[in-house]
Amino acid sequence: MTCLSLICPLDRAFFSRNPRRVARELLGKILVRDYENVRVAARIVEVEAYLGVNDPAAHSAAGKTARNSVLFGPPGYAYVYFIYGSHYCLNVSCEREGKAGGVLFRALEPLLGIEEMARERAVALSGPRDLRRLTSGPGRLAEAFGITRARDNGADLTSPLSGLWIGTDGSHPGSIRISPRIGITQAADRRLRYFLAKNPFVSGPKAHR
DNA sequence: ATATCGATTATCT
DNA sequence: GATAATCGATATG
């Protein structure tokens, strides 16, 4: 049976809250790329909250710079940064203008445009294990969606007109788990990582702890 | 002008 | 499980 679902964009008020709340509620929502009449879409299954105050791990911790200015702007916009000489990572700004905060996208479950994602990632698709390699990890999902800082930093993620946006199909996510964030050294004990229990696309070797 | 480091990934053993 | 690769942002001289 085919399930033709409409995807409705989230509004700015959704993002105008503290990053913990936004992170938790982003689980089960859908990241969409519309480009040249092709849609690429994937369900959000793992995110991390980065707080505006009292969070040394956040890029906004040392104040506003040219790099992180989106985090200090209005909510619902893409903050894209480049890391380890190879990878882009996608965040969405939270809180209100002047107050920093964001949510990092760590893993997605592919829904539409799987061939396009595979082309962007330059991986061959011959089994379910390969599907996982498309969008499981912050650098991987950014590559699968063709996200770069030049192209997408500052994009309005509440507007389908921007070509990169976040929506909902009205479905209800399963049970949510919380753990410490991955790959950081500062504030490494804080439990600000949110993910869907038992979802195979969650990133990391110890994905389900 | 130069040095250091990182919200990662791929590719080994 | 361990580690090299890789380069932009940032801090410092």
Does anything in [range] come within less than 4.0 Å of DNA chain B? Heavy atoms only, and list the residues if so.
{"range": "residues 98-109 of chain A", "result": "A/Leu104, A/Arg106"}
{"range": "residues 47-59 of chain A", "result": "A/Tyr50, A/Ala57, A/His59"}
{"range": "residues 67-77 of chain A", "result": "none"}

Quiz item: Are A/Arg20 and A/Leu51 side-chain neighbours, meaning at least one heavy-atom pair lies under 4.5 Å?
Solution: yes
What nitrogen or oxygen pairs link the protein and nucleotides 11-13 of chain B at under 3.5 Å?
none

Practice problem: Give, ordered by number, those residues of residues 82-89 of chain A having at least one heavy-atom distance below 4.0 Å to an atom of DNA chain C; if nothing qualifies, reply none. | Solution: A/Phe82, A/Tyr84, A/Gly85, A/Ser86
Does a side-chain N or O from [X] land closer than 4.0 Å to OP1 or OP2 of [N], or not?
{"X": "A/Arg149", "N": "C/dA9", "value": "yes"}
{"X": "A/Thr65", "N": "C/dA9", "value": "no"}
{"X": "A/Arg181", "N": "B/dT8", "value": "no"}

Quiz item: Between A/Arg33 and A/Glu116, is there a salt bridge with N-O shorter than 4.0 Å?
Solution: no
Quiz item: Can you name the closest pair of heavy atoms from A/Pro19 and A/Gly102 and give their distance?
Solution: CB-O, 3.6 Å
Practice problem: Quick one: closest heavy-atom pair of A/Ala23 and A/Tyr194, and the distance? | Solution: CB-CD1, 3.7 Å
For [X] and [N], what is the distance between atoms [atom1] and [atom2] respectively, to the nearest whole Å?
{"X": "A/Tyr79", "N": "C/dA9", "atom1": "OH", "atom2": "C1'", "answer": "9 Å"}
{"X": "A/Asn153", "N": "C/dG8", "atom1": "CG", "atom2": "P", "answer": "15 Å"}
{"X": "A/Tyr81", "N": "C/dC7", "atom1": "OH", "atom2": "P", "answer": "18 Å"}
{"X": "A/Ile182", "N": "B/dT9", "atom1": "CD1", "atom2": "C1'", "answer": "13 Å"}
{"X": "A/Asn91", "N": "B/dT8", "atom1": "CG", "atom2": "C1'", "answer": "14 Å"}
{"X": "A/Arg193", "N": "B/dT8", "atom1": "CZ", "atom2": "P", "answer": "11 Å"}

Exercise. Would you indicate which nucleotide in B/dA10, B/dT9, B/dA7 comes nearest to any side-chain atom of A/Pro138?
Key: B/dT9
Has the side chain of [X] got a donor or acceptor atom that lies under 3.5 Å from a matching backbone atom of [Y]?
{"X": "A/Ser136", "Y": "A/Phe201", "value": "yes"}
{"X": "A/Arg67", "Y": "A/Tyr81", "value": "no"}
{"X": "A/Glu48", "Y": "A/Arg106", "value": "no"}
{"X": "A/Thr135", "Y": "A/Ala107", "value": "no"}

Quiz prompt | Listed once per pair and sorted, the salt bridge (Lys or Arg N to Asp or Glu O under 4.0 Å) pairs that draw on residues 156-167 of chain A, sequence neighbours left out | solution = A/Arg12-A/Asp156
Practice problem: Between A/Ser60 and A/Arg140, name the one whose nearest nucleotide on DNA chain B is closer to the 5' end. | Solution: A/Ser60
Exercise. Please give the nucleotide sitting opposite C/dG8 as a Watson-Crick or G-U wobble pair, both distances under 3.5 Å, or none.
Key: B/dC5
Quiz item: Got a sec: does the CG of A/Asp11 have more than 12 other heavy atoms crowding it under 6.0 Å?
Solution: yes
Quiz item: Linking I/L/V/M/F/W/Y whenever any side-chain heavy atoms sit under 4.5 Å apart, do A/Leu192 and A/Ile184 land together?
Solution: no
Quiz item: Do A/Arg181's NZ or CZ and the ring of A/Tyr50 fall within the cation-pi criteria of under 6.0 Å and 45°?
Solution: yes
Self-check item: Gap between atom CD1 of A/Ile30 and atom CZ of A/Arg43 - 0.5 Å precision
Solution: 4.5 Å
